[in-house]
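Keep in mind that the numbers below use all heavy atoms, side chains included, and drop hydrogens, waters and symmetry copies. Counting starts at 1 for both ligands and their atoms, in listed order. We number each residue from 1, following the sequence as shown.
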Amino acid sequence: MKVLVIGGDGYCGWATALYLSNRGYDVGILDSLVRRHWDLELGVETLTPISSIHQRIKRWLELTGKEIELFIGDINNYDFLQKSLQAFEPEAVVHFGEQRSAPFSMIDREHAVLTQVNNVVGNLNLLYALRDDFPNCHLVKLGTMGEYGTPNIDIEEGYITIEHNGRTDTLPYPKQPGSFYHLSKVHDSHNIQFACKVWGLRATDLNQGVVYGVLTEETGMDELLINRLDYDGIYGTALNRFCIQAAIGHPLTVYGRGGQTRAFLDIRDTVRCVELAIETPANQGEFRVFNQFTELFSINDLALKVKQAAITLGLDVDIQMLENPRIEAESHYFNPKNTNLLKLGLQPHFLSDSLLDSLLNFAIKYHHRVDRSQILPKVNWKRV
Ligand code: NAD
Ligand code: USQ
């Protein structure tokens with residue numbers, strides 16, 4: 001099957017492209033490389049030294065004999081997008097190609113606008129390009145668990161059946177996202193659902209939790225294939241950050257009271273979930289939603305787990321409660337469902353098994369590359 005991975009130079013996209021290529025899919029990567037540009041603008045760098053996309057793909061070909069076709073450009077450029085799709089003729093498109101940091105989207109008006117235009121317009125262009133040339137192609141779109149927020153009831157997978165004044169309907173689950181980035185994902189979901197309804201497209205929205213880890217079978221094959229691992233206050237996510245902080249003896253940065261609970265998954269499960277979605281596509285006209293995560297943890301749970309694992313490696317780790325730069329519930333009910341992917345055959349990796357191999361050991365190996373000035377959060381949700 002021909003699968004185009006949009007955002008295939010990024011953290012989830014690179015691991016997914018190689019995984020699918022290794023499993024016999026005919027993979028193309030489309031990426032504008034804008035994430036590398038944003039890193040330069042922000043003055044931040046991944047912990048792991050990543051090679052250029054050209055070197056990466058060349059090395060993959062040398063190692064495995066498998067070719068990955070490359071399309072460099074922006075999906076906000078409709079002409080480029082349409083021509084790339086026509087050249088590659090995908091049967092499935094996996095769309096990772098968005099600005100994905102909540103703090104980045106909250107820096108100021110310009111970054112909020114950049115995030116929403118980049119994400120919403122890019123996704124809308126893709127919907128039009130599929131409608132016009134590839135209406136049977138399955139769109140697998142990366143959404144986020146943060147679309148739901150933290151409601152005081154159980155979170156279903158995309159839809160909820162509600163009885164109101166004696167009548168019943170199944171409706172999109174209410175969304176209460178916590179940043180302009182998370183809001184862009186809600187807008188995308190609505191646009192995709194509408195396109196499925198009016199044009200009969202087929203799509204799967206993967207509401208993914210926070211991804212952790214750096215190691216997959218393929219990216220671990222060679223230093224030139226290594227994946228990115230962000231630890232800075234803008235792009236670094238909680239667990240990845242904590243491991244790198246532990247490795248350099250920086251106190252773990254728990255925001256607020258640390259009772260914020262989120263859904264998590266190992267990057268090795270990200271790549272498998274995408275494959276499961278592709279293997280069993282949505283029906284024509286169907287907008288399918290899967291909640292993509294394997295475990296729930298509070299931020300305090302995570303900090304304690306990292307501290308305990310670090311102690312076994314002889315590292316001395318403190319936990320520091322910082323004033324929360326975000327506006328979010330710090331103690332709340334959180335019970336999302338994740339049965340759809342498990343039913344399709346997902347066999348989760350659990351954090352307790354991967355904390356050392358896929359994270360702490362990498363953090364220790366590359367700790368000399370850490371810029372300590374990038375660790376504390378600099379973006380505040382409040383008007384300052
Ligand atoms: P990333 O920043 O590492 O990768 C995104 C890639 O998309 C980059 O290579 C970037 O250059 C490319 N891109 C961005 N805008 C583009 C455009 N307009 N045209 C072409 N390419 C473009 O991000 P990631 O962590 O790999 O996240 C990938 C997707 O998964 C995002 O949509 C994100 O919202 C979602 N997601 C990520 C996580 C996580 O924990 N990392 C969790 C849930 C959902
Ligand atoms: N947090 C800390 N300390 C830190 C970093 C974060 O306490 O050093 C807290 C935050 O306040 C928040 C939680 O950890 O409560 C998660 O923050 P995060 O930065 O790890 O993740 P988030 O901003 O939610 O975004 C990440 C990805 C995004 C994806 C999302 C999945 O960057 O692309 O959509 O995870 S989810 O959270 O399920 O929406």
Side-chain angles (χ1 to χ4, degrees), residues 5-16 29-39 46 50 53 71-77 80-81 84 94-106 114-115 117-119 121-123 125-126 141-150 177-179 181-182 184-185 188 206-212 227-228 230-242 245 252-265 267 270 291-293 297-300 302-303 320-322 324-330 336 375-377 381:
V5 180
I6 299 181
D9 186 47
Y11 173 53
C12 300
W14 176 239
T16 302
I29 285 180
L30 186 155
D31 201 298
S32 62
L33 313 184
V34 66
R35 176 56 207 285
R36 293 178 186 249
H37 170 74
W38 290 328
D39 281 1
T46 147
I50 55 172
I53 186 67
F71 302 88
I72 296 184
D74 189 334
I75 59 170
N76 281 265
N77 175 344
F80 160 78
L81 173 63
S84 305
V94 188
H95 180 19
F96 289 103
E98 301 204 326
Q99 192 302 102
R100 69 106 173 127
S101 155
F104 183 98
S105 75
M106 300 300 288
L114 184 163
T115 299
V117 170
N118 184 68
N119 295 1
V121 175
N123 184 62
N125 277 345
L126 181 57
K141 165 69 169 55
L142 270 291
T144 180
M145 284 302 292
E147 292 186 35
Y148 300 115
T150 51
S179 73
Y181 153 70
H182 287 96
S184 74
K185 296 296 211 187
D188 286 346
L206 296 175
N207 282 339
Q208 184 170 239
V210 188
V211 183
Y212 61 82
N227 205 350
R228 65 161 52 243
D230 303 306
Y231 65 89
D232 61 276
I234 301 267
Y235 274 104
T237 48
L239 181 56
N240 290 349
R241 267 163 69 71
F242 288 173
Q245 291 163 0
L252 308 188
T253 55
V254 171
Y255 297 166
R257 283 185 287 154
Q260 303 92 305
T261 302
R262 295 290 181 269
F264 291 84
L265 74 165
I267 189 146
T270 293
N291 291 347
Q292 180 167 313
F293 67 90
F297 298 106
S298 74
I299 298 302
N300 284 330
L302 288 185
Q320 188 180 16
M321 316 287 260
L322 297 176
N324 196 340
R326 306 187 184 197
I327 295 179
E328 59 186 358
E330 291 176 8
I375 288 187
L376 289 177
W381 265 229

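- Side-chain atoms of T270 and Q208 form a donor-acceptor pair, as typed in the model, at a separation below 3.5 Å.
- If you look at ligand 2, the protein residues with a non-hydrogen atom under 4.0 Å away are R100, A102, T144, M145, G146, Y181, H182, Q208, G209, V210, G236, T237, A238, R241, F242, T253, V254, Y255, Q260, R262, I299, R326, E328.
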*Using the side-chain contact (heavy atoms from CB on, under 4.5 Å) rule, take I29 and W14 through it: C-alpha gap first, then chi angles, then the decisive distance, then the call.*
CA-CA 9 Å; I29 285 180; W14 176 239; 3.9 Å; yes
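- Within 4.0 Å of ligand 1, contacts by protein heavy atoms are made from G7, D9, G10, Y11, C12, D31, S32, L33, V34, R35, G73, D74, I75, N76, F96, G97, E98, R100, N118, L142, G143, Y181, K185, Q208, G209, V210, V211, R228.
- Using modelled atom types, one side-chain atom of S179 and one backbone atom of H182 make a donor-acceptor pair closer than 3.5 Å.
- Here the closest heavy-atom approach between residue N125 and residue I75 is recorded as ND2-O, 2.9 Å.
- Contact of the Y148 side chain with the N291 side chain is registered, since non-hydrogen atoms from C-beta on lie closer than 4.5 Å.
- Under 3.5 Å, the side chains of Q245 and T253 contain a donor-acceptor pair of N or O atoms.
- Of the possible polar contacts, one joining the K185 side chain to the L142 backbone as a donor-acceptor pair under 3.5 Å is found.
- Checking side-chain atoms of D31 against main-chain N and O of D9 turns up a donor-acceptor pair under 3.5 Å.
- For the pair R228 and Y235, the NZ or CZ position fails the cation-pi test of under 6.0 Å to the six-membered ring centre and within 45 degrees of the ring normal.
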